[in-house]
Amino acid sequence: QVLVHNHTEKDGSTDGALVDFRGNPVDKSRTGGWLGAGLILCTELSERICVMGISMNLVTYLVGDLHLPSSDSANIVTNFMGTLNLLALLGGFLADAKLGRYATIAIFGCIAAVGATLLTLATSIPSMKPPVCDSRSKGHCIEASGQQLILLFAALYTIALGCGGIKSSVSGFGSDQFDSSNPKENKAMIYFFNRFYFCISLGSLFAVTVLVYIQDNVGRGWGYGISAGTMVLAVAVLLGGTSLYRFKKPEGSPLTIIWRVLILAWRKRKLSHPSDPGFLNEYHNAKVPHTKMLGCLDKAAILDDYAAADENRNNPWIVSTVTQVGEVKMVLKLIPIWSTCILFWTVYSQMNTFSIEQATFMNRKVGKFGIPAGSFAFFLFISILLFTSINERVTVPIARKITGNRQGLTSLQRVGIGLMLSVIGMVAAAIVEKQRRENATKHNYSMSAFWLVPQFFIVGAGEAFAYVGQLEFFIREAPEGMKSMSTGLFLSTLSMGFFMSSLLVSIVHKVTNGSWLKSNLNNGRLEDFYWMLAVLGVLNYLVFLVFSCRHQYKAQNLSTTLEDSEEELKNWNNTSINDNAEKNPNDAEKEEV
């Protein structure tokens, strides 16, 4: 998952002083560039191998080896992935507020290596598993006890902590190695993100093919041991290149600003609004226009007798500025769209759990070679890569000609397409599962597992749209002073999507008395669960349409016409407005109106 960070100020310079590992100004001929960025890419490659190698095949181990119920196994996987993405917010906060990106990656990389080592032990020690059960469909299999699961859970959540911390900082640290004000290095930064995504895809494909095969045919200990080894190697490579990196000193986390504004607004809730917003703190020096939306937050910028004192006016814990309040308002404005993006990742999580389990009940042989169930996620990643390329080379140019919009498809249009494809993917999954179960129970016939390809392919195509659309939306719409919040908002949709899956599985399992989701899928009704997700997807899409139609994009100074004369005029007008906004955005807003 590519996390793009913006490190360029309005004047084109790099925000924040970059130093070498000794704290001195960087020598650009000896540090940074591809020399340092290449080593950082190795860290991301290892993180993907570790996470994907575990999450895409874990459900088969939980059901097949530990004999846990299907619903519980799915929840363990989705809770693991949800926690990993949620802990990325913690890693990002620590990196911005105190540690810096390099130290965050190094520390959390070591934690991830420890977690992968614990998982290797948990899956290798015989006493950590219940007695072998010859067949899940006949007789009663003994489930793993709580004591046997302790080490497994400790390993999984140690990995979640470690890889979450890496995820939050690795792309930002890589982009720190390039100077945005230098045209040559700025161009190289674009290639860095392309190669960053390539490493993500390469690591994921390696995990779902080679590692999954080793786990199923050689041993779980060997498969997870390779994951642990790659993390140890990644940390060693990262530390070995310390003298080659450019470091950006931590400057504080935007989460701190948000909490300060909310706390101050609550403390001053009984104060009356000033008769004129010009009396708010730093109103005339604001970098964002003042709005009446969420006026209760304006109280954080009220200058009462205590805050008006010279020694307190600049204390952010006593009074906020109009700029800080405006930025918090802009973040809160994104919440409605954020809430409708969650269900996509709930659907996506089924590709890690029940779709993999479906494959275990199907014919996976090609000739004499048996394809591991977890390896069918290969089609998910291939679809993502294929449609990402098609979108940029075919879909966007065609849409640009039709709409006259330079973007081709707006970020919310991309998200909308992704949401609809996720619904179609669940419909395809429900149809295939019903046919599979009927063939297995009535005709004693195992369908080919390649019938699962459509649902992997469609959901993968949906991610190609939804992933890019969500990330672009949060990056573009986040305030300039809180760009790192964009990745935080994006990661939180993934986290909430996985947790939502766990919640739905638990509710369905309780309401249906376990009749839908059984360990033996032949005795359950998994297709009804898929149909439920499809219906929820349609309802969620309708809500998304309402929110997206009401959303007003932040001005991006993009021309939306193909006529050169109109384009030039619009660019001139935008420049004039921006020049005025540098002086006072509130007055500029009046002039624009």
Side-chain angles (χ1 to χ4, degrees), residues 1 55-56 74 77-78 81-82 85 204 336-358 376-388 390-391 395 409-434 451-474 489-505 508 526-548:
Q1 296 158 352
S55 63
M56 298 308 296
V77 176
T78 52
M81 292 299 294
N85 286 285
S204 299
I337 298 295
W338 172 88
S339 65
T340 57
C341 293
I342 292 173
L343 194 65
F344 175 85
W345 300 107
T346 300
V347 170
Y348 179 86
S349 67
Q350 309 314 310
M351 302 299 105
N352 293 26
T353 53
F354 290 119
S355 293
I356 299 298
E357 194 173 348
Q358 279 179 277
F376 279 86
F378 170 86
F379 296 102
L380 177 71
F381 297 114
I382 285 294
S383 176
I384 294 170
L385 290 174
L386 177 62
F387 277 92
T388 300
I390 290 176
N391 287 347
T395 308
L409 295 172
T410 66
S411 55
L412 290 181
Q413 286 172 342
R414 290 175 186 261
V415 174
I417 294 172
L419 292 177
M420 281 307 301
L421 287 173
S422 69
V423 172
I424 297 172
M426 286 297 93
V427 172
I431 293 173
V432 170
E433 172 58 16
K434 182 177 181 180
W451 281 103
L452 297 175
V453 172
Q455 63 200 61
F456 280 110
F457 205 75
I458 294 171
V459 174
E463 184 184 350
F465 283 97
Y467 184 99
V468 174
Q470 289 179 32
L471 191 57
E472 179 186 1
F473 175 77
F474 291 125
L489 287 169
F490 175 70
L491 285 174
S492 62
T493 62
L494 273 73
S495 177
M496 292 300 104
F498 284 109
F499 286 135
M500 177 67 75
S501 176
S502 298
L503 177 63
L504 290 175
V505 167
V508 167
L526 178 60
E527 67 272 17
D528 289 342
F529 181 72
Y530 285 150
W531 282 118
M532 183 195 72
L533 287 178
V535 172
L536 291 176
V538 172
L539 297 176
N540 179 72
Y541 181 73
L542 295 176
V543 176
F544 168 80
L545 287 180
V546 174
F547 288 153
S548 59

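Values below: all heavy atoms of this structure, side chains included; hydrogens, waters and symmetry mates excluded. Computed from a prediction, not measured in an experiment: that's the story for all the values here.
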Working for side-chain contact (heavy atoms from CB on, under 4.5 Å), residues Phe344 and Asn540: CA-CA 9 Å; Phe344 175 85; Asn540 179 72; over 6 Å; no

side-chain contact (heavy atoms from CB on, under 4.5 Å) assessment of Leu533 paired with Leu504: CA-CA 9 Å; Leu533 287 178; Leu504 290 175; 3.8 Å; yes

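In terms of heavy atoms, Thr78 sits closest to Ser501 at CG2-OG, 3.7 Å. The heavy-atom pair separating Ala377 from Phe456 by the smallest distance is CA-CE2, 4.1 Å. Considering every non-hydrogen atom in both Val459 and Gly425, the closest pair reads CG2-CA, 4.2 Å. Across all non-hydrogen atoms, the minimal contact from Ala428 to Ile458 is CB-CD1, 4.2 Å. In terms of heavy-atom proximity, Ser55 sits nearest to Met81 at CB-SD, 3.6 Å. When all heavy atoms of Ala74 and Phe354 are compared, the pair lying nearest together is CB-CZ, 3.7 Å.
Side-chain contact of Gln455 with Gln358: a donor-acceptor pair under 3.5 Å is present, judged by distance alone.
No option in Trp451, Phe387, Phe379 other than Phe387 meets the ring pair (Phe, Tyr, Trp, His ring centres under 6.0 Å) test with Phe457.
Take Val543 and apply the side-chain contact (heavy atoms from CB on, under 4.5 Å) test, not counting sequence neighbours, and it matches Thr340, Phe547. Applying the ring-ring contact (aromatic ring centres under 6.0 Å, His included) test to Tyr530 and every residue at least two apart in sequence or in another chain returns nothing. Taking Ile417 as the reference, Leu409, Leu421, Phe465 meet the side-chain contact (heavy atoms from CB on, under 4.5 Å) condition, with sequence neighbours excluded. Judged as a salt bridge (Lys or Arg N to Asp or Glu O under 4.0 Å), and not counting sequence neighbours, the contacts of Glu472 are Arg414, Arg476.
Within the model, atoms CD1 of Ile356 and CE of Met351 stand 8.5 Å from one another, a figure rounded to the nearest 0.5 Å. Here CG of Leu385 is found 11.0 Å from CD1 of Ile390. Values are rounded to the nearest 0.5 Å. Of the inter-residue distances, the one linking Leu419 atom CG with Cys341 atom SG reads 6.5 Å to the nearest 0.5 angstrom. Separating the OG atom in Ser204 from the CD1 atom in Ile382 is a distance of 11.0 Å, to the nearest 0.5 Å.
Every pair tested for salt bridge (Lys or Arg N to Asp or Glu O under 4.0 Å) that includes a residue from residues 345-355 fails, sequence neighbours excluded, so the list is empty.
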Name each donor-acceptor pair under 3.5 Å that joins a side chain in residues 489-497 to protein atoms two or more places apart or in another chain, with its distance.
{"residue": "Ser492", "atom": "OG", "partner": "Trp338", "partner atom": "NE1", "Å": "2.7"}
{"residue": "Ser492", "atom": "OG", "partner": "Gly488", "partner atom": "O", "Å": "3.3"}
{"residue": "Ser492", "atom": "OG", "partner": "Leu489", "partner atom": "O", "Å": "2.6"}
{"residue": "Thr493", "atom": "OG1", "partner": "Gln470", "partner atom": "OE1", "Å": "3.3"}
{"residue": "Thr493", "atom": "OG1", "partner": "Phe490", "partner atom": "O", "Å": "2.5"}
{"residue": "Ser495", "atom": "OG", "partner": "Gly82", "partner atom": "O", "Å": "2.7"}

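Contact annotation: the side chain of Thr353 never approaches that of Val505 to less than 4.5 Å [non-hydrogen atoms, C-beta and beyond]. Side-chain contact between Thr346 and Phe499 is absent, with no heavy-atom pair separated by less than 4.5 Å. Taking 4.5 Å as the limit, some side-chain heavy atom of Trp345 sits within range of a side-chain heavy atom of Tyr467. Side-chain contact between Leu343 and Leu536 is present, with heavy atoms from C-beta onward closer than 4.5 Å. Side-chain contact between Ser355 and Leu452 is absent, with no heavy atoms from C-beta onward closer than 4.5 Å. Within the 4.5 Å cutoff, the side chain of Glu433 has no heavy atoms near those of the Phe529 side chain.
Judged by distance alone, with hydrogens and angles left aside, the side-chain atoms of Ser349 form no donor-acceptor pair with the main-chain N or O of Phe498 at under 3.5 Å. Side chain of Thr388 to backbone of Ile384: a donor-acceptor contact under 3.5 angstrom is found.
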